[in-house]
Amino acid sequence: MATKIELIARMEELLHQEDVERSSEAVETIKENYEALVAAEQAESEARAAAEEVQAEAEVKEEEEPSVGPPPAAEPKLPQQRIESAPLTNEEDKKFKQLLDAFNTKVNDIRRKRQKEESDNLAAKQAVMTELRTLIANEENIGNAFQHFNELGEKWKQIGPIPAQSYRELQHEYSQLREEFFYHIRIYKELRDHDLRKNTALKQALVADMEAVQRVDSVREAEQLVKEYQDKWHQIGPVTQEDRQTVGDAFWNATRQVYDRINEYYKARRAEHETNLASKQALVEKALELAKQAENISAAEWKKLTDQVLELQNAWKNIGFATKKDNERVWKEFREACNGFFDKKNAYYKELKDQFKAVRDKKESLIGQALALKDSTAWRQTADKLKQLQLEWKQAGSAGQRDEHKLWGRFREACDAFFKSRHDAFEQQDAEQAVNAKAKEDLIGEIEAFALTGDRNADIERLKAFSARWLNGGRVSPKQYDRLSDRYRAALDKQYGQLKLNDAERGRMKFQTRLQDLSSAPDGRDRMEREGRFVQRKIEELESEVRQSEENMGKFSFKSAAGEAMKKEMEKSIERTRQEIQRLVGQHKQLMAELRADKAKEPSPSTAGEGK
């Protein structure tokens, strides 16, 4: 690994480069390496201080009592702060911090300046497009129109780059306006044909230029050229009718090939970063696993685990840069995992004498909680709480040979009392659900065997009666619910399908069937809540579509016959969407009413048992 002086020299070299933005990744790697050096120095300093303290304590104890072996020195922690915010006393660290601040300031200044320029350019291009729209709508003099059109084109070319997120949409709209100008203004055929041939030649030349970009070695240069050539392509007007398809296909095929190469390059870079991230994440998992193992172990086992953690730290230093958005996060996780391990190690030697008492107090508390829950009939909630208490019991460790067995007997007795009561209650519930399942099997058979009488209203009422019986037929085991529910819906849908209902009636019947199906499920409330959220999101999406369509209508003049037809079609589409919104609002109200009714009839957990 490079020294601090070498890293500072490299930082100074990157700071004086003309394009500092391209050096961001290299600077991030240098910063990470420098922080690793600072961490190593700090760890070494803390290790020496800890060793000296242990030696001093050992000498004092030798005078006072027989020694049984010195306690192990506390392990150094990795640094808690990044280089930007750490207190710096070393001159080299201060120098590096100054260089890093200067680099970040320079990069931020460049980015702010570029963002300001792109924002101003966007406003300027939008102004050009406004003038072009006015020209298309109002100018009748062919000479004046072309002169003004060419002036706007030159003004457009002279405007610099715009924000990337606005480029495609703005450029597409500008190209459409240019096309509209050429194909709607009254141009003499000779002049139009001349421009078309000229544009064809210019675009054919651009095709050759774009094909040449495929052979450019630098990917960054290829990115700049492909964007430049696309700008030129959109600035050139339409071509001859017979060449339009051929020239367009050739240009965009060449463009796609360039982008394929660019995408492959960045894909490979991302893959390398993802590999490094995976390697670092694996080290985090190993460190977390070692920290988990550091519970109730001997001094020899502590030594073995410590050596493994130090090996992980050395392996970390040899892994390259990870993805930018995850690099800092995964480093923090690794640092916290290592520090957590060493915290446990230091606490082990410091608090060993008080451990048994703390565990005993903890388990007495757990026994009290278990005793308070053993007579509860809120089966699911109480079972979860007792399982959590059992997990806490295991995690608490041993209370010592004298007390552990007696404490465990009391705790287990309380847990067993509850689970036996729950087992007895569930046996009764299973019997009831078996009866309900048999009744629903029979009901499905009735629906499948039902023959329509030809009296449409009577048949609908009969089918509704089937639905009411299904809804009031009680709940069944979750293991059988999906099978029975699928058969029930299929049988009912088949009968309704034979009635030849119109779309509105079929939709209402289908929704009523689904609502009944949801409410009769073992987890009916959860399913209805999910359905309600889905319908609400759909309503919001459709309302957004209506607002967007109305905004789009305001952007068009609709002066021509074709424009008037478009306006009517857009209005019809908006009205259809509003009708769909009304239908969904009705469904949402029904869902909410069913949910309120379900909550109102649900018994209190303290007075009735829960499902499994």
- Message: Show, in sequence, the C-alpha distance, side-chain angles and deciding distance for Phe251 and Thr255, and conclude whether the side-chain contact (heavy atoms from CB on, under 4.5 Å) test is met.
- Response: CA-CA 6 Å; Phe251 180 79; Thr255 302; 3.6 Å; yes

- Above 12 or not: heavy atoms from other molecules or residues under 6.0 Å from CZ of Phe534? no

- Message: Counting only heavy atoms not in Ile110 (residues, nucleotides, ligands), do more than 12 fall under 6.0 Å from its CD1?
- Response: yes

- Query: How would you list, by chain and number, every residue that makes a side-chain contact (heavy atoms from CB on, under 4.5 Å) with Ser544, sequence neighbours excluded?
  - Reply: Arg547

- Does the side chain of Thr275 come within less than 4.5 Å of Glu272's, by heavy atoms? no

- Message: For a 4.5 angstrom cut-off between non-hydrogen side-chain atoms, does Val38 reach Phe96?
- Response: no

- Can you check side-chain contact (heavy atoms from CB on, under 4.5 Å) on Ile319 and Leu283, steps first, answer last? CA-CA 10 Å; Ile319 299 176; Leu283 293 183; 3.6 Å; yes

- Task: Would you mind telling me which of Lys106, Lys113, Arg112 makes a side chain to side chain donor-acceptor pair (under 3.5 Å) with Asp109?
- Result: Arg112

- Message: Please give me the minimum heavy-atom distance between Thr240 and Thr200, naming the atom from each residue.
- Response: N-OG1, 3.2 Å

- Residues Asp260 and Arg256 bridged, charged N to O under 4.0 Å: no

- How close do Lys125 and Gly160 get, heavy atom to heavy atom, and via which atoms? CE-O, 4.1 Å

- State, without any angle test, whether Asp243 and Thr246 hold a side-chain donor-acceptor pair at a distance under 3.5 Å. no

- Message: Could you check whether Lys31 makes a cation-pi contact with Phe103, meaning its NZ or CZ is under 6.0 Å from the centre of the six-membered ring and within 45° of the ring axis?
- Response: no

- Short N-O contact, Glu151 and Lys155, less than 4.0 angstrom: no

- Does the side chain of Gln176 come under 3.5 Å of the side chain of His172 through a donor N or O and an acceptor N or O? yes

- Task: Show your reasoning for whether salt bridge (charged side-chain N to carboxylate O under 4.0 Å, His left out) applies to Glu328 and Lys332.
- Result: CA-CA 6 Å; Glu328 184 66 24; Lys332 182 179 179 182; over 6 Å; no

- Task: Can you tell me which residue pairs pass the salt bridge (charged side-chain N to carboxylate O under 4.0 Å, His left out) test with a partner in residues 570-579, sequence neighbours excluded?
- Result: Glu550-Arg578, Glu569-Arg576

- Query: Heavy-atom distance under 4.5 Å between the side chains of Val585 and Ile581, does that happen here?
  - Reply: yes

- Message: Run the side-chain contact (heavy atoms from CB on, under 4.5 Å) test on Leu277 and Arg329 for me, step by step, so that the C-alpha distance in whole Å, both residues' side-chain angles and the decisive distance to 0.1 Å come before the verdict.
- Response: CA-CA 10 Å; Leu277 176 60; Arg329 173 191 60 78; 4.1 Å; yes

- When you check the side-chain N and O atoms of Gln257 and Asn253, is any donor under 3.5 Å from an acceptor? no

- Message: What's the separation between atom CG in Leu542 and atom CG in Leu584, rounded to the nearest 0.5 Å?
- Response: 6.0 Å

- Task: Taking all non-hydrogen atoms of both residues into account, name the closest pair between Trp316 and Glu32 and its distance.
- Result: NE1-OE2, 4.2 Å

- State whether Arg537 and Glu540 are salt-bridged, where the test is any N-O pair (Lys NZ or Arg NE/NH1/NH2 against Asp/Glu carboxylate O) under 4.0 Å. no

- Message: If the condition is ring pair (Phe, Tyr, Trp, His ring centres under 6.0 Å), which residues does Tyr174 pass it with, not counting sequence neighbours?
- Response: Trp156

- Query: Any side-chain donor-acceptor pair under 3.5 Å between Gln281 and Glu333?
  - Reply: yes

- Side-chain donor-acceptor pair present, Asn33, Lys317, cut-off under 3.5 Å: no

- Message: When you measure from the side chain of Thr577 to the backbone of Ser573, do you find a donor-acceptor pair of N or O atoms at a distance under 3.5 Å?
- Response: yes

- Query: Going from CG on Asp231 to CD1 on Ile236, what distance comes out if it is rounded to the nearest 0.5 angstrom?
  - Reply: 11.0 Å

- Answer whether the closest heavy-atom distance between the side chains of Ile8 and Glu12 falls below 4.5 Å. yes

- Item | Check ion pair Arg133-Glu180 (N to O, under 4.0 angstrom) | no

- Message: Strictly below 4.0 Å, N to O, side chains only: are Asp195 and Lys198 in salt-bridge contact?
- Response: no

- Message: Are Lys157 and Gln235 packed together at the side-chain level, in the sense that at least one heavy-atom pair is separated by less than 4.5 angstrom?
- Response: yes

- Item | Under 3.5 Å donor-acceptor, Gln171 side chain and Tyr167 backbone | no

- Query: Which atom names give the shortest non-hydrogen contact between Ala2 and Leu37, and what distance separates them?
  - Reply: O-CD1, 3.4 Å

- Closest heavy-atom pair, Arg178 versus Gly153, reported as atoms and distance to 0.1 Å, is NH1-CA, 4.5 Å

- Item | Test item: Thr29 and Tyr34 side chains (from C-beta on) under 4.5 Å apart, heavy atoms | no

- What is the distance from atom CD of Gln126 to atom OG of Ser166, rounded to the nearest 0.5 Å? 7.5 Å

- Measure the CH2-CG distance between Trp233 and Leu206 for me, rounded to the nearest 0.5 Å. 7.0 Å

- So OG1 of Thr134 and CG of Leu152: to nearest 0.5 Å the spacing works out to 9.5 Å

- Side chains of Arg244 and Gln241, donor plus acceptor under 3.5 Å: yes

- Query: When you check the gap from the basic side-chain N to the acidic O, do Lys267 and Glu274 get nearer than 4.0 Å?
  - Reply: no

- Tyr265 OH to Arg261 CZ distance, which is reported to the nearest 0.5 Å: 10.0 Å

- Query: For Ala337 and Val284, which heavy atoms make the closest approach, and how far apart are they?
  - Reply: CB-O, 4.5 Å

- Any side-chain heavy atom of Lys4 sitting closer than 4.5 Å to one from Leu7? no

- Taking the side chain as every heavy atom from C-beta outward, state whether Glu118 and Arg114 have any atom pair closer than 4.5 Å. yes

- Task: Please confirm whether the backbone N or O of Pro238 pairs with a side-chain atom of Asn199, one donor and one acceptor, at under 3.5 Å?
- Result: yes

- Item | Intermediate values then yes/no, side-chain contact (heavy atoms from CB on, under 4.5 Å), Leu225 and Val258 | CA-CA 10 Å; Leu225 289 175; Val258 175; over 6 Å; no

- Message: Let's go through Glu117 and Asn121 carefully: what are the C-alpha distance in whole Å and the side-chain angles of both, what is the deciding distance for side-chain hydrogen bond (donor to acceptor under 3.5 Å, both in side chains) to 0.1 Å, and is it a yes or a no?
- Response: CA-CA 6 Å; Glu117 292 175 350; Asn121 292 340; 5.9 Å; no

- For Glu25 and His273, what are the C-alpha separation, side-chain angles and deciding distance, and is it a side-chain hydrogen bond (donor to acceptor under 3.5 Å, both in side chains)? CA-CA 11 Å; Glu25 187 172 320; His273 289 170; 3.1 Å; yes

- Trp252 vs His234 aromatic rings, parallel, tilted or perpendicular, using cut-offs 30° and 60°? tilted

- Is the count of non-hydrogen atoms from other residues, nucleotides or ligands lying under 6.0 Å from Glu169 atom CD greater than 12? no

- Message: If the threshold is 4.0 Å, N to carboxylate O, is there a salt bridge linking Arg10 and Glu6?
- Response: no

